[in-house]
Amino acid sequence: MSVQKPSIPKGTRDFTPAEMVRRNYIFNTVRSVFEIFGYLPIETPAMENLSTLMGKYGEEGDKLLFKILNSGNYLEGIRDPGAGNREPDHESRVTDLASITRHISEKGLRYDLTVPFARFVVQHQNELVFPFKRYQIQPVWRADRPQKGRYREFFQCDVDVVGSPSLLYEVELIQIIDEVFSRLGIQTTTLFNNRKILAGIAEAIGAPEKMNEITVAIDKLDKIGLEKVCLELKEKGLGDSAVTALQPVLLMEGRINDKIVVLEDLFKRSETGMKGIAELKHLVTLLKDLDLRNKWTFDVRLARGLNYYTGTIMEVKANEAAMGSICGGGRYDDLTGIFGLPGVSGVGISFGADRIYDVMNELNRFPETIQHTTRVLFVNFGPEEERFALKVLNELRQEGIPAEIYPDPSKLKKQLEYASRKQIPLAVLIGKDEMESGLLTVKDLESGEQNRLSREEFIRSLKKI
RNA sequence: GUGGUCGUAGCUCAGCUGGUUAGAGCGUCAGAAUGUGGCUCUGAAGGUCGUGGGUUCGAAACCCAUCUUCCACCCCA
């Protein structure tokens with residue numbers, strides 16, 4: 001039997017202690033901000049029933065779901081789809097696969113945390129206090145093709161509130177965004193838009209069913225330019241008059257108020273659009289009163305694919321790094337409706353921990369102080385000394401000071417090197433001399449200084465810091 | 001899912017148009033007066049050249065497939 005090369009699936013990663021310390025720094029920061037805003041944690045299973053997941057993320061989303069094979073010989077009851085057709089052409093085989101999927105797989109890995117949360121709310125509705133504010137920090141999986149900032153397994157940090165349509169929560173979420181990124185030391189811009197405005201635009205130019213195509217095209221304005229956008233819209237079946245009517249939106253610039261004027265003019269023919277504008281104005285008014293440290297603005301081009309959003313949608317970008325959005329979310333008026341609890345409005349956002357990590361790494365924003373864990377290493381000089389050291393070691397641990405002892409009486413050089421490499425700041429040497437005098441030799445590995453201290457003095461000096 | 005790209009020691013890479021025993025730097029390990037790390041010196045170990053086929057007298061170099069990396073599209077955290 002040959003030795004196999006160890007490997008992990010595409011788009012997944014191992015995390016070393018050095019990486020985990022930094023990742024935890026992000027998780028802890030996010031978590032503590034969520035908590036001061038009054039959100040409580042929940043967790044849901046890694047896998048959900050496929051029926052819970054399918055159809056919630058659009059056609060694309062369904063393709064990106066990781067499906068779990070059923071246990072047992074699930075093929076037994078299934079007829080060979082090619083049986084009556086001994087020359088299976090390509091077409092029929094594809095559809096057969098699709099139809100066979102539900103027979104062989106009924107579970108899938110979660111794609112995000114919002115849909116499982118909606119399911120959770122419906123299932124536990126009688127135990128929850130509404131408006132229900134929760135946060136959730138767990139991995140999600142997408143069968144996407146990996147690239148920079150895009151993984152197949154990654155962590156999302158979601159905050160959502162369900163049971164209130166109040167725009168105060170949109171404001172609260174934007175405050176959370178501001179607080180989290182201020183604490184992490186990343187400068188950001190929060191872009192927001194409103195699905196009702198997008199729907200209003202489609203409605204006003206006489207193509208309400210083409211909302212998706214229109215938003216996708218508008219989104220490309222920066223990248224491919226006005227002409228190509230118009231061309232693409234026509235290819236997508238939009239009439240000349242509609243494209244003409246859309247021009248003011250495409251050419252719109254200036255301050256938020258200027259844009260609102262343009263849209264209001266357009267929305268004389270769209271009630272939905274007007275509603276969206278009203279929400280936008282309200283949100284902007286509230287935000288202006290707050291002294292946020294990071295930038296925010298309204299951007300009609302922001303689309304966001306997840307098709308359950310119905311109101312405000314938002315997205316956060318790091319100002320100093322080329323990375324997709326590091327946080328995103330929005331309002332969904334009826335997510336729980338699909339699971340049998342209609343009329344409950346929710347709004348939430350999701351922080352992409354892995355992308356935030358990548359950005360912070362690139363910009364070198366991790367504080368040095370989060371590095372080392374063990375603060376004191378006890379050098380091992382032999383069985384006698386070991387027993388003595390163990391007692392002092394235990395005292396330190398009782399005081400909550402992370403400390404460890406070297407496992408065997410190796411050469412001092414080796415033991416100190418171990419301490420150096422683990423970035424342990426202090427080494428304690430207890431040999432014959434120290435045992436007799438009762439004074440410990442304490443070496444500061446950063447400065448190289450060495451002192452003789454009694455146990456009490458030593459512990460006191462550690463507690464001071 | 002479509003198109004492209006990368007893959008040589010633990011890491012970063014060199015290896016000219018195919019030609020003997022595949023190299024460097026860093027790292028690792030072992031030494032350099034028996035209780036003192038980082039710096040220095042000496043020495044050593046370490047490579048199925050991503051994997052599997054093929055072309056060839058001969059392949060790390062060429063071809064095909066496959067896996068992985070990264071990029072664009074799509075979509076998204």
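Computed from heavy atoms alone, side chains included, the values below leave out hydrogens, waters and symmetry copies. Chain identifiers are assigned alphabetically (A, B, ...) following the order of the sequence lines, protein sequences preceding nucleic acid strands; residue numbering begins at 1 within each chain.
Using atom C1' as the reference point in both A60(B) and U56(B), the two lie 15 Å apart (nearest Å). For the P atoms, the distance linking A65(B) with G25(B) amounts to 39 Å, nearest Å. Separation of the P atoms belonging to U20(B) and U66(B) is 32 Å when rounded to the nearest angstrom. Between the P atoms of G47(B) and G1(B), the separation comes to 36 Å (whole Å). For the P atoms, the distance linking A32(B) with A14(B) amounts to 38 Å, nearest Å. The separation of C6(B) from G38(B), taken at their P atoms, amounts to 41 Å, rounded to a whole angstrom. Comparing C49(B) with A22(B), their C1' atoms are spaced 8 Å from each other, to the whole Å. A distance of about 27 Å separates the P atoms of C39(B) and U8(B), rounded to the whole Å.
Distance from the side chain of D144(A) is smallest for C75(B) among the nucleotides G35(B), C75(B), U69(B). The listed nucleotides are U36(B), C29(B), A77(B); the one nearest the side chain of R355(A) is A77(B). Side-chain proximity of K443(A) to the nucleotides C76(B), U36(B), C29(B) is greatest for U36(B). Closest to the side chain of S420(A), from the set U36(B), A77(B), G37(B), is G37(B).
Using a 4.0 Å cut-off between a side-chain N of Lys or Arg and a carboxylate O of Asp or Glu, D354(A) and R23(A) qualify as a salt bridge. Looking at K422(A) and E404(A), a side-chain N of the basic residue comes within less than 4.0 Å of a carboxylate O on the acidic one, giving a salt bridge.
Among pairs with a residue in residues 144-183 of chain A, those fulfilling ring-ring contact (aromatic ring centres under 6.0 Å, His included) read F27(A)-F155(A), F181(A)-F351(A), at least two apart in sequence or across chains. The side-chain hydrogen bond (donor to acceptor under 3.5 Å, both in side chains) contacts involving residues 379-390 of chain A comprise N380(A)-E386(A), E385(A)-K432(A), where partners must be two or more places apart or lie in separate chains.
Annotation for M54(A): atom CE counts as buried by contact number, over 12 foreign heavy atoms lying within 6.0 Å. The local environment of CD in E209(A) is crowded, with over 12 non-hydrogen atoms from other residues, nucleotides or ligands closer than 6.0 Å.
For residues 149-162 of chain A, proximity to RNA chain B is found at G149(A), R150(A), Y151(A), F154(A), Q156(A), defined as any non-hydrogen atom under 4.0 angstrom from a strand atom.
Per the geometry, CG belonging to L64(A) stands 13 Å off C1' belonging to A77(B), to the nearest Å. Atom CH2 in W141(A) sits roughly 16 Å away from atom P in A77(B) (whole-Å rounding). Regarding I137(A), its CD1 atom lies at a distance of 14 Å from the C1' atom of A77(B), rounded to whole Å. In this structure, OH of Y309(A) is placed 10 Å from P of C76(B), rounded to the nearest angstrom. Per the geometry, CG belonging to L302(A) stands 11 Å off P belonging to A77(B), to the nearest Å. Rounded to an integer number of Å, the gap from E60(A) CD to C76(B) C1' is 10 Å. For the pair E315(A) CD and C76(B) P, the computed distance is 9 Å after rounding to whole Å. Taking atom CZ of residue R421(A) and atom P of nucleotide C26(B), one finds them 16 Å apart after rounding to whole Å.
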If you restrict it to nitrogen or oxygen atoms, what contacts under 3.5 Å exist between nucleotides 5-11 of chain B and the protein, and what is each distance?
none

Sort me out a list of protein N/O and nucleotides 39-43 of chain B N/O pairs below 3.5 Å, or just none if empty.
none

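For a distance-only test at 3.5 Å, the side chain of R145(A) qualifies as a donor-acceptor partner of the base of G3(B). A donor and an acceptor atom never sit less than 3.5 Å apart when one is taken from the side chain of Q415(A) and the other from the base of U36(B). Put simply, the side chain of E446(A) and the base of G38(B) share no donor and acceptor less than 3.5 Å apart.
Contact annotation for K411(A): backbone-only contact, meaning every heavy-atom pair under 4.0 Å involves sugar-phosphate atoms and none involves a base. Looking at heavy-atom distances under 4.0 Å, I326(A) makes contact with sugar-phosphate atoms alone, never a base. Looking at heavy-atom distances under 4.0 Å, K10(A) makes contact with sugar-phosphate atoms alone, never a base. Counting any heavy atom pair closer than 4.0 Å across all strands shown, G324(A) reaches no nucleic acid atom. When heavy atoms are screened at a 4.0 angstrom cut-off, V216(A) is found touching the sugar-phosphate backbone but no base atom. Residue contacts for F381(A): at a heavy-atom cut-off of 4.0 Å it reaches a base atom on one of the strands shown. No engagement by G329(A) is indicated, since no non-hydrogen atom pair under 4.0 Å with the nucleic acid exists. Counting any heavy atom pair closer than 4.0 Å across all strands shown, D433(A) reaches a base atom.
The shortest distance between the side-chain N/O atoms of K220(A) and the OP1/OP2 oxygens of C73(B) is not below 4.0 Å. For the pair K414(A) and C29(B), the criterion of a side-chain N or O lying under 4.0 Å from OP1 or OP2 is not met.
Here the two rings, on Y406(A) and F378(A), have centers that are 6.0 Å apart or farther. You'll find the ring centres of Y135(A) and F34(A) inside the 6.0 Å limit.
Helical stems in RNA chain B, defined as runs of 3 or more consecutive Watson-Crick or G-U wobble pairs with donor-acceptor distances under 3.5 Å: B:1-4 with B:70-73, B:10-13 with B:23-26, B:28-32 with B:40-44, B:50-54 with B:62-66.
Checking A143(A) against A353(A), the closest nucleotide of RNA chain B that is more toward the 5' end is the one next to A143(A). Both G448(A) and G352(A) lie close to RNA chain B; mapped to their nearest nucleotides by heavy-atom distance, the more 5′-ward contact belongs to G448(A).
A cation-pi arrangement, defined by a distance under 6.0 Å to the six-membered ring centre and an angle within 45 degrees of its axis, is present between R142(A) and Y111(A). With a 6.0 Å cutoff to the six-membered ring centre and a 45° limit on the axis angle, R134(A) counts as a cation-pi contact of F117(A).
Among K67(A), R119(A), K107(A), the one residue that satisfies the salt bridge (Lys or Arg N to Asp or Glu O under 4.0 Å) test with E48(A) is R119(A).
What you find for V392(A) and L440(A) is that their closest heavy atoms are CG1-CD1, 4.0 Å.
Here the side chains of L191(A) and F298(A) are not in contact, with every heavy-atom distance at 4.5 Å or above.
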### Query
Checking salt bridge (Lys or Arg N to Asp or Glu O under 4.0 Å) for the pair R150(A)/D144(A): CA distance, chi angles, key distance, verdict?
CA-CA 8 Å; R150(A) 177 180 292 189; D144(A) 216 343; 3.5 Å; yes

### Task
Begin from the C-alpha positions of D160(A) and Y332(A) and carry the test side chain to side chain donor-acceptor pair (under 3.5 Å) through to its verdict.
CA-CA 10 Å; D160(A) 287 77; Y332(A) 39 90; 2.5 Å; yes

### Task
Step by step, work out the side chain to side chain donor-acceptor pair (under 3.5 Å) result for T190(A) and E315(A).
CA-CA 6 Å; T190(A) 301; E315(A) 204 164 281; over 6 Å; no

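Judged by distance alone, the side chain of D333(A) and the main-chain N or O of T310(A) form no donor-acceptor pair under 3.5 Å.
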